[in-house]
There are 2 protein chains.
Amino acid sequence: MSQSKRYLDIVRDIRDMIRQEKIKPGDRIPSERELAETMQVGRSTLREALRSLELLGLIETRRGEGTFLSDYRNHKLVEVLSTFVLQDNQSHEDVFQTRQLHEMAAIQAICENEAASQMRVWDSFRLRLKGESFQREDFVRELMVLSGNRLSLKIWFLLKQYSGNPYEGTVSSEEIDRMNDILTAIERQDADTAIREFKAWSEWLQKERVRNGNYS
Amino acid sequence: MSQSKRYLDIVRDIRDMIRQEKIKPGDRIPSERELAETMQVGRSTLREALRSLELLGLIETRRGEGTFLSDYRNHKLVEVLSTFVLQDNQSHEDVFQTRQLHEMAAIQAICENEAASQMRVWDSFRLRLKGESFQREDFVRELMVLSGNRLSLKIWFLLKQYSGNPYEGTVSSEEIDRMNDILTAIERQDADTAIREFKAWSEWLQKERVRNGNYS
DNA sequence: TTTTGAAAGTGGTCTGGCCACTCATATCCT
DNA sequence: AGGATATGAGTGGCCAGACCACTTTCAAAA
């Protein structure tokens, strides 16, 4: 099996090892020399696999200390991929649309959930909206979390990074009004309105970014 | 600058080289030995960078031939999603909802696209619907493709596999009626109806699977 | 007890080599 | 002459061994 490409087997083996041995983020994994021997493979080949995993942000290596399993939320993947891939307008558009798709679906889910739409979260939101340092991203992330779909949340998280911090910065006074409208619609479980308002804000923000040339 | 981690510099250098020399997808990039020399770096280090890029799907290496720049659109974003995000215990429900989400969004996109909703594809569909061997999966996949969002298509494909062939089998006569309704709605660009009908079918099918215990 | 420094362990890198494979070219046989 | 075959150059895949730079540890020295 697996004709050529030993390093790919190693990537898989390491992944399996991490699962089976229940290695948690932050834990140390065996040294390169040790792994190379147990896997019956040259150290350079093993390193090719490790470097790949490191570029993905799955592991973190510290000279003189060892190799550690890192928190997957810190992956550098998006950085690398975006610098290579995002020259393509179609890709850029696809990412935006897909991200927006998950966001709107989250709002839909929240509105359909009787309990969620009556939570105190909304009051808390409004309070924070008045504060100085309310970040756009907090607003959207909270919505994603409240949707209850963890898979969707994770996909959204990756896409967000991939498109280069689309929600960077704090909200302006105009945006506060928009957000209040969205929250109000959610509270009365009016999904259509909430989504329409959100979409309008989302696309306004996107145009704003393009105008300011906020691309990497 | 960039103390330690030469291979990261190389990743960047290669990217710059690709841009400046206007290397297009499918083109061949210099050999490992050649690159190593021009970049004043050992071949093993150079290889670590190349393997990383390969794992991301940015380049393609063929033994005996060389290294080639691969199509940006083949980036491994979704594959990464699968290994890093899908690995932990996700409920079937999350996967189902997210898959359905992408499907409904595809229908929405098709309906909003004037050209797509007037394509001949629909006639072709109807013809095939009458045939014996019409697979459920063909129907949905075609919709995903027609949506035009390749990223969404990839995510859908992944989720479909992950949930164990939800569209296995051929359509029954009852389903043919459902599908005809969906197609008709799409043709008159009635997204709401099309989505509602699709959702009904999708959830009916899901219940059918649960009843038959068709889980992987 | 505190400081120091040597040793062990680790990742980072390079060199040089061998193998397996592809391809273009030259050569040989019919 | 034309088609099959052998050869050699070029390429990626892999390995062993060697340094280097760095962090940790712990025992010896102050």
Side-chain angles (χ1 to χ4, degrees), chain A residues 1-15 17-18 21 23-71 74-76 80, chain B residues 1-15 17-18 21 23-71 74 76:
Chain A
M1 56 188 70
S2 73
Q3 53 287 25
S4 73
K5 311 286 187 190
R6 293 262 283 247
Y7 90 100
L8 283 179
D9 295 336
I10 301 179
V11 167
R12 188 171 40 74
D13 287 347
I14 292 179
R15 193 198 55 193
M17 182 196 71
I18 288 174
E21 313 241 345
I23 301 178
K24 299 172 191 170
D27 287 355
R28 188 169 168 280
I29 68 180
S31 72
E32 296 182 349
R33 291 170 176 84
E34 201 171 335
L35 281 174
E37 186 171 9
T38 65
M39 292 185 179
Q40 289 291 296
V41 92
R43 193 180 154 213
S44 54
T45 305
L46 179 91
R47 276 181 65 83
E48 292 180 7
L50 286 181
R51 274 342 101 217
S52 299
L53 292 176
E54 187 185 25
L55 191 65
L56 288 180
L58 278 187
I59 60 175
E60 184 183 349
T61 55
R62 295 198 282 270
R63 167 188 271 174
E65 296 183 60
T67 306
F68 303 83
L69 186 61
S70 71
D71 194 327
N74 295 339
H75 52 51
K76 285 276 185 180
V80 183
Chain B
M1 59 187 74
S2 72
Q3 54 286 43
S4 78
K5 312 290 186 188
R6 292 262 285 237
Y7 89 99
L8 283 180
D9 294 337
I10 301 179
V11 166
R12 191 169 39 74
D13 287 348
I14 292 178
R15 185 201 58 192
M17 182 196 71
I18 287 174
E21 314 242 345
I23 300 178
K24 298 174 192 170
D27 288 355
R28 189 170 167 282
I29 68 180
S31 72
E32 296 183 350
R33 291 171 177 83
E34 201 171 335
L35 282 175
E37 187 172 8
T38 65
M39 293 184 180
Q40 287 292 297
V41 94
R43 194 181 153 212
S44 54
T45 304
L46 192 262
R47 274 180 65 83
E48 292 180 6
L50 287 180
R51 274 343 101 216
S52 299
L53 293 177
E54 186 185 24
L55 190 67
L56 288 181
L58 296 175
I59 61 174
E60 185 183 349
T61 55
R62 295 198 281 271
R63 164 189 265 170
E65 297 183 59
T67 305
F68 303 84
L69 188 59
S70 65
D71 195 322
N74 292 341
K76 302 285 198 226

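Given the structure is predicted, the values throughout are model-derived calculations rather than measurements. All chains are named by letter (A, B, ...) in the order of the sequence lines, taking the proteins before the strands, and each is independently numbered beginning at 1.
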Base-pairing mate for dA8(C) - Watson-Crick or G-U, with both contacts under 3.5 Å: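 No nucleotide pairs with dA8(C).
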Does dT23(D) have a Watson-Crick or wobble mate here (both distances under 3.5 Å), and if so which one?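 Checking every strand shown, dT23(D) finds no partner, since no pair has both distances under 3.5 Å.
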Nearest-angstrom distance from the residue atom [atom1] of [X] to [atom2] of [N]:
X      : N       : atom1 : atom2 : answer
E34(B) : dA9(D)  : CD    : P     : 18 Å
F68(A) : dG11(C) : CZ    : C1'   : 11 Å
E48(B) : dC15(D) : CD    : P     : 14 Å
R33(B) : dG16(C) : CZ    : C1'   : 11 Å
E60(A) : dT10(C) : CD    : P     : 17 Å
R6(A)  : dA16(D) : CZ    : C1'   : 14 Å
L46(A) : dT13(C) : CG    : C1'   : 15 Å
I10(B) : dC14(C) : CD1   : P     : 7 Å

Could you say whether S44(B) or E32(B) is positioned toward the 5' end of DNA chain D, judged by the nucleotide with the nearest heavy atom to each?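 The residue closer to the strand's 5' end, by nearest nucleotide, is E32(B).
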DNA chain D: E65(A) or T45(A), which has the more 5' nearest nucleotide?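 Its nearest nucleotide lies further toward 5', so the answer is T45(A).
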Side-chain (S70(B)) to main-chain (L58(B)) donor-acceptor, under 3.5 angstrom: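 The answer is yes, because a donor-acceptor pair under 3.5 Å joins these two groups.
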Could a donor-acceptor pair under 3.5 angstrom be found where the side chain of R62(A) meets the base of dG11(C)?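 Side chain to base: no pair below 3.5 Å.
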Decide yes or no, distance alone: a donor-acceptor N/O pair under 3.5 angstrom between the base of dG17(C) and the side-chain of R43(B).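 Such a pair exists between side chain and base.
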Quick one: label G64(B) by what it contacts on the DNA or RNA (base, sugar-phosphate, nothing), any heavy atom closer than 4.0 Å.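 Base contact.
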R63(B) side chain N/O closer than 4.0 Å to the phosphate oxygens (OP1, OP2) of dC19(C)?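 No.
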Under a 4.0 Å N-O cut-off, is there an ion pair linking E60(A) with R51(A)?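 No, no charged N to carboxylate O under 4.0 Å.
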Residues K24(B) and D27(B) bridged, charged N to O under 4.0 Å: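 Judged by the 4.0 Å cut-off on N to carboxylate O distance, K24(B) and D27(B) do not form a salt bridge.
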Would you say the side chain of Y7(B) lies within less than 4.5 Å of the side chain of E54(A), judging by non-hydrogen atoms?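 With C-beta onward as the side chain, the pair touches.
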Can you identify which nucleotide, out of dG12(C), dT13(C), dG17(C), has its nearest atom closest to the K5(B) side chain?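 That would be dG12(C).
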Which nucleotide in dG12(D), dG12(C), dT10(C) has an atom nearest any side-chain atom of T61(B):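 Among dG12(D), dG12(C), dT10(C), the one nearest the side chain of T61(B) is dG12(D).
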If you round to the nearest 0.5 Å, how far is CD1 of I23(B) from CD1 of I59(B)?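 Rounded to the nearest 0.5 Å, the CD1-CD1 separation comes out at 11.0 Å.
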